[in-house]
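All of these numbers come straight from a predicted model, not from anything done at the bench.
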Amino acid sequence: MRVSMTLSLPRQPSSATRARHVLTTLLSLTDVSEDTRANLAVLISEACANAVIHADPDSGVDITISIDDHVCLIEVGNRGRSPDNTKLDADLPAPLTIGGRGLPLIGALADTAAFVTGAPGQVLLRITKHLTDARAAPTR
């Protein structure tokens with residue numbers, strides 16, 4: 001099975017929730033394990049929240065979700081400046097620091113995550129997560 005969807009959402013906090021709902025609906029068509037679904041929900045929420053916070057003021061948030069039998073690919077893009085030397089595997093900030101946890105969290109939960117070249121002036125974060133089949137997942 002292969003399913004994909006492209007969304008263009010406004011640059012507002014509720015877009016992260018909308019994107020998560022769309023992803024959850026698409027995943028409901030699959031046999032993906034609950035743990036993997038939960039990780040993907042966090043990944044798309046953090047990526048969208050990051051785009052909303054850091055996008056140019058008049059930019060929207062463009063999202064592509066592609067799911068096949070083995071991998072979920074999520075791309076979140078917006079107009080803005082590409083982050084300089086941003087590492088997705090960076091250490092978390094100090095406990096009392098506000099913000100700064102999204103990208104390290106994405107780096108920890110995704111199988112791959114990187115800022116990739118998009119259209120000129122576009123920031124594009126590409127995330128992949130291998131899908132664990134609920135039938136193959138160990139029972140607790």
Side-chain angles (χ1 to χ4, degrees):
M1 176 205 271
R2 178 170 165 77
V3 65
S4 63
M5 180 171 276
T6 301
L7 310 160
S8 289
L9 299 173
R11 185 182 164 257
Q12 57 190 35
S14 63
S15 290
T17 302
R18 288 182 182 140
R20 187 174 59 252
H21 286 289
V22 168
L23 176 64
T24 301
T25 300
L26 294 176
L27 289 170
S28 73
L29 302 172
T30 71
D31 291 325
V32 174
S33 72
E34 288 300 318
D35 285 347
T36 302
R37 289 175 196 231
N39 286 342
L40 284 163
V42 171
L43 287 166
I44 200 165
S45 297
E46 290 296 331
C48 289
N50 214 30
V52 166
I53 291 167
H54 297 290
D56 285 349
D58 60 343
S59 177
V61 178
D62 299 318
I63 303 159
T64 300
I65 303 167
S66 296
I67 302 169
D68 68 23
D69 292 331
H70 306 288
V71 175
C72 179
L73 169 70
I74 299 170
E75 292 182 333
V76 178
N78 59 275
R79 281 194 328 236
R81 285 186 327 106
S82 293
D84 295 327
N85 298 320
T86 300
K87 295 190 176 167
L88 297 171
D89 60 354
D91 291 331
L92 290 172
L96 297 179
T97 302
I98 296 172
R101 289 168 180 76
L103 293 179
L105 187 58
I106 290 170
L109 292 177
D111 291 320
T112 65
F115 287 99
V116 297
T117 304
Q122 183 175 19
V123 177
L124 185 62
L125 177 59
R126 180 174 292 149
I127 300 166
T128 61
K129 180 80 175 162
H130 291 92
L131 302 177
T132 303
D133 191 320
R135 295 169 296 187
T139 57
R140 294 179 196 198

field: Hphob cluster co-occupancy, Met5 + Ile74, side-chain heavy atoms under 4.5 angstrom
entry: yes
query: Applying the 4.5 Å side-chain criterion to the ILVMFWY set and letting contacts propagate, would Val32 and Val3 be lumped into a single cluster?
result: yes
- prompt: When you check the side-chain N and O atoms of Ser33 and Thr36, is any donor under 3.5 Å from an acceptor?
  reply: yes
Does the side chain of [X] reach to within under 4.5 Å of the side chain of [Y], using non-hydrogen atoms?
X: Arg20; Y: Leu23; value: no
X: Leu125; Y: Glu75; value: no
X: Ile106; Y: Asn50; value: no
X: Leu124; Y: Val76; value: no
X: Leu40; Y: Leu27; value: yes

Can you give me the closest heavy-atom contact between [X] and [Y], atom names plus distance?
X: Cys48; Y: Ala19; answer: SG-CB, 3.6 Å
X: Val61; Y: Pro10; answer: CG2-O, 4.3 Å
X: Val52; Y: Pro13; answer: CG1-N, 4.0 Å
X: Ala110; Y: Lys129; answer: CA-CD, 4.4 Å

Distance from [X] atom [atom1] to [Y] atom [atom2], nearest 0.5 Å?
X: Asp111; Y: Asn39; atom1: CG; atom2: CG; result: 9.5 Å
X: Ser15; Y: Ile44; atom1: OG; atom2: CD1; result: 11.0 Å
X: Leu7; Y: Ile63; atom1: CG; atom2: CD1; result: 5.5 Å

message: Between Arg11 and Ser59, does the side chain to side chain donor-acceptor pair (under 3.5 Å) criterion hold? Intermediate values first, please.
response: CA-CA 6 Å; Arg11 185 182 164 257; Ser59 177; over 6 Å; no
List, one per line, each side-chain donor-acceptor pair under 3.5 Å for residues 65-73, sequence neighbours excluded.
residue	atom	partner	partner atom	Å
Asp68	OD1	His70	N	2.7
Asp68	OD1	Val71	N	2.8
Asp69	OD1	Met1	N	2.8
Asp69	OD2	Met1	N	3.3

task: Go through the steps to decide whether Thr25 and Ser28 satisfy the test side chain to side chain donor-acceptor pair (under 3.5 Å), and finish with yes or no.
output: CA-CA 5 Å; Thr25 300; Ser28 73; 5.6 Å; no
Criterion side-chain contact (heavy atoms from CB on, under 4.5 Å) on Leu103 and Glu46, from CA distance to verdict: CA-CA 8 Å; Leu103 293 179; Glu46 290 296 331; over 6 Å; no
message: Considering only residues two or more places apart or on different chains, which pairs with a residue in residues 54-63 satisfy salt bridge (Lys or Arg N to Asp or Glu O under 4.0 Å)?
response: Asp58-Arg79
